[in-house]
Amino acid sequence: MTQILNKQAYQLFHEGVLAFADIEDTGIRVDVPYLKTQYKKLTKQLAQVGKEIKDDKQAKQWRSKFGQKTNYNSTTQLSTMLYKVWGIKSTKSTAKGNAAVDDSVLSKLDLPIVKSILQQRKIMKIRDTYILGILNEQSDGYLHPSFNLHFVSSFRSSSDGPNFQNQPVRDPIAGAIVRKAFLPLDSNHCFGEVDYSGIEVASNACINRDPNLIAYISDPAKDMHRDVAGDCFILAPERIGKMIRYVGKNGFTFPAFYGSYFEQIAPAMWNAIDEHDLKTEDGVALKIHLASKGIKTLSKFTAHIKKVEDIFWNTRFKVYTKWKKDFYNQYLKNGYIDIPTGFRCWGPMRRNEVTNYPGQGTAFHFLLWSLIQIHRWLKANEMETKILGQIHDSIVFSFHKDELQDILKKVQQVMCRDILKRFPWICVPLKVEAEVSPIGGTWNDKKGIEIE
DNA sequence: TCGTTCACGC
DNA sequence: GACGTACGTGAACGAA
C-alpha cells in the first residue's frame, strides 16, 4: 500500500500525469515499411536457424523423446534433453528449483544445437517482442506508449503498449535493428536523449549522507568504479583500463548496492575475465596477474571478493551501511518507509526492498520534476521540439534542428541547477549527458554531443 | 487462465 | 554470525 504524504508529493505526480498525457498524445513516429521488411528478414533467419536445429544430430534424439510434441523452443523439453538424456550436470537452478536453461547456462555449453537454440531465442525476441510489438501498437505510423505512475512500489514509473523503457540497446545488433525504426517527428528534427549520469548513486548519497560516497560523486578527480575495480583485481589505478573498470562497476559495485553479495557476484566476475579477455593496461592477462597474487581458482577469488566486500561496506561506505541498518530497523518498528520526496510505502517488504526503494524512487522523482519543467517551458515557448518519452533517468526528445542548442542549455539549467532549489537537500552535483542523431536520423544514430 | 521461465531495459 | 540482487513489461510454454 502506498501513500502520498504532502502537497508537494501530490503535485509532483499530478503535474507528472498531465505532462505524460501530452507526451502520450504527441506519440513517436516509427518507420512502418522498415519494420515490415525487418519482420520478413527475421522470419527468414528464423527458418534458417530452425533448419539447422532440425538437421542437428542431437535433434533426432529430441524427436524420439518427444515425438509429435517436439518443440525446440520449449525450455522444459530442453532441460529434459540436457540434464536427463545427455547427462550434462546442471549448474544453476530457477526460482522454483528446476534446472535452469537460460543464457548464462547455455552459453557455456559447447554443443551446436544449443548454439542454434540461443540464436533462435535472440531472433525471436527481436521479431516478436519488439518488431511485432511495435507494429501491433502503431497507428498511422505513430506509437503512443503509456507512462504510468501508479503501478510501481518504489514510486518509479513504468511503460507499456509497447514498453518504451526496455527497447534493446546493450546488444549492438538487436539495438540497431530495433532503434532504426524510431524516427524524429519531422525531417528537420533530430532524435535525442538526455541522461542523468549516476543518478541513483547520487540520490542514495543524498539520503544516506555517506561522506565517502558524497566525495566520490563531488570530486571529479575521484573515481569510485576505478578504485573498487582496483580492490577486486588487486591493481593500481594506472593498470586499470575501460573493461576492467566496467567489470568492477557492473559486476561488483552495482550488485553490491542492490544488496547482492560475494557468493553471487564472484562467479560472474570470474567468468567475465575470460569472456572479455581482460588484461591490465601494461598488457598482463588478468588471470596471470591474479595467480601471481595467489588467486588461481574461483574459490580463492570468491574468498578474495568476500574481503573486498567487507572493505566496501565496513570501511569505504560505513555510513551507508549504518544508514541501511537503521533504516531497516525503523521499518521493522513502524511497518512503513518514507522517501524524501514525500511518499510512504506500507506493507511487507524484504530487507533489500526497504533499503533500495528510497534511492530508486527519489532518482526517478528528480527526472520527473525536470521533465515537467522542460515540458512546460517547451509548451509556453511554442517550441517545435517535443518530449517523446522517458526512461527512468533519461528524457527522449525530437529536437527541431534550429532549437537544439538553446533547448539543451535550458535542459541542463533545469536538470542540474533549478532542481537544487526544489529539492534543497540534494548534496551532490547532478550531471547530464546528451546524445543526438543527425537531422532526420533515428534513435540508433544518436551520438554524444557537447552542450555549448 | 495463470504460474513459470526467459529476455529486454534502468 | 547469519543473511543475501532493486524495479518493471511481455512472449512462449504448459498445466489446470
Side-chain angles (χ1 to χ4, degrees), chain A residues 66 69-80 92-107 117-118 120-134 136-137 145-171 173-175 177-179 193 195-201 203-204 250-265 268 306 309-310 313 324-325 328 345 349-364 367 389-394 396:
Chain A
F66 291 101
K69 291 197 168 127
T70 296
N71 179 352
Y72 303 113
N73 200 36
S74 159
T75 53
T76 327
Q77 291 184 17
L78 176 58
S79 188
T80 304
K92 185 182 169 186
S93 300
T94 64
K96 282 281 158 187
N98 303 316
V101 290
D102 64 18
D103 182 75
S104 75
V105 173
L106 296 193
S107 56
I117 286 168
L118 281 177
Q120 176 181 252
R121 277 189 194 169
K122 257 203 178 342
I123 301 166
M124 277 186 76
K125 181 74 177 173
I126 300 170
R127 189 190 68 167
D128 296 340
T129 301
Y130 296 109
I131 301 295
L132 194 58
I134 295 167
N136 286 341
E137 294 288 355
S146 299
F147 293 98
N148 314 298
L149 287 175
H150 58 298
F151 287 145
V152 183
S153 39
S154 61
F155 300 99
R156 255 205 195 181
S157 68
S158 72
S159 168
D160 61 82
N163 184 350
F164 185 64
Q165 298 177 321
N166 74 343
Q167 301 297 317
V169 65
R170 293 182 188 180
D171 174 350
I173 296 167
I177 294 170
V178 174
R179 288 179 180 234
E193 196 165 346
D195 294 58
Y196 265 128
S197 22
I199 194 64
E200 213 172 304
V201 178
S203 64
N204 272 310
N250 293 306
F252 182 90
T253 306
F254 281 139
F257 277 148
Y258 284 140
S260 192
Y261 73 112
F262 64 95
E263 256 185 340
Q264 297 284 334
I265 58 191
K306 184 176 193 290
E309 186 184 295
D310 183 62
W313 285 122
K324 280 197 194 187
K325 197 169 166 234
Y328 184 60
C345 200
M349 283 175 269
R350 285 164 298 188
R351 184 193 304 263
N352 283 337
E353 291 173 325
V354 169
T355 52
N356 284 328
Y357 284 8
Q360 188 176 101
T362 301
F364 171 66
L367 189 281
Q390 152 276 130
I391 312 175
H392 307 303
D393 66 352
S394 78
V396 178

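Chain naming here is simple, since letters A, B, ... match the order of the sequence lines and numbering starts at 1 in each.
Side-chain contact of A:S394 with A:E193: a donor-acceptor pair under 3.5 Å is present, judged by distance alone.
Base-pairing analysis of DNA chain C finds the following stems of at least three consecutive Watson-Crick or G-U pairs, with both pairing distances under 3.5 Å: B:1-9 with C:7-15.
The side chain of A:R156 places no N or O atom within less than 4.0 Å of a non-bridging phosphate oxygen (OP1 or OP2) of C:dG8. Residue A:R170 places at least one side-chain N or O under 4.0 Å from the OP1 or OP2 atom of B:dC10. Distances shown here put a side-chain N or O of A:N352 below 4.0 Å from the OP1 or OP2 atom of C:dT5.
Each of A:F262 and A:H392 was matched to the nucleotide of DNA chain C holding its nearest heavy atom; the match closer to the 5' end belongs to A:F262.
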Q: Between protein and nucleotides 10-16 of chain C, map the contacts as a letter string: B base, S sugar-phosphate only, - none, heavy atoms under 4.0 Å, written 5' to 3'.
A: BSSSS--
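Here B:dC10 presents its C1' atom at 8 Å from CD of A:Q360, a figure rounded to the nearest Å. To the nearest angstrom, C1' of B:dC10 lies 8 Å from CD of A:E200. Distance A:I117 CD1 to B:dC6 C1': 14 Å, rounded to the nearest Å. Atom CD1 of A:I177 is separated from atom P of B:dC8 by 12 Å (rounded to the nearest Å).
Among the nucleotides C:dG4, B:dC6, B:dC10, the one closest to any side-chain atom of A:R121 is B:dC6.
Put simply, the side chain of A:T80 gets close to the backbone of A:T76: a donor and an acceptor are under 3.5 Å apart.
The side-chain hydrogen bond (donor to acceptor under 3.5 Å, both in side chains) contacts involving residues 96-106 of chain A comprise A:K92-A:D102, A:K92-A:S104, A:D102-A:S104, where partners must be two or more places apart or lie in separate chains.
Residues passing the side chain to side chain donor-acceptor pair (under 3.5 Å) test with A:Q77, sequence neighbours excluded: A:W62.
Within the 4.0 angstrom heavy-atom criterion, no nucleotide atom of any strand lies near A:Y328.
Contacts with DNA chain B (heavy atom under 4.0 Å) in residues 250-258 of chain A: none are found.
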Filtered N/O pairs between nucleotides 1-4 of chain B and protein, under 3.5 Å:
| unit_1 | atom_1 | unit_2 | atom_2 | d |
| --- | --- | --- | --- | --- |
| B:dT4 | OP1 | A:K96 | NZ | 3.1 |

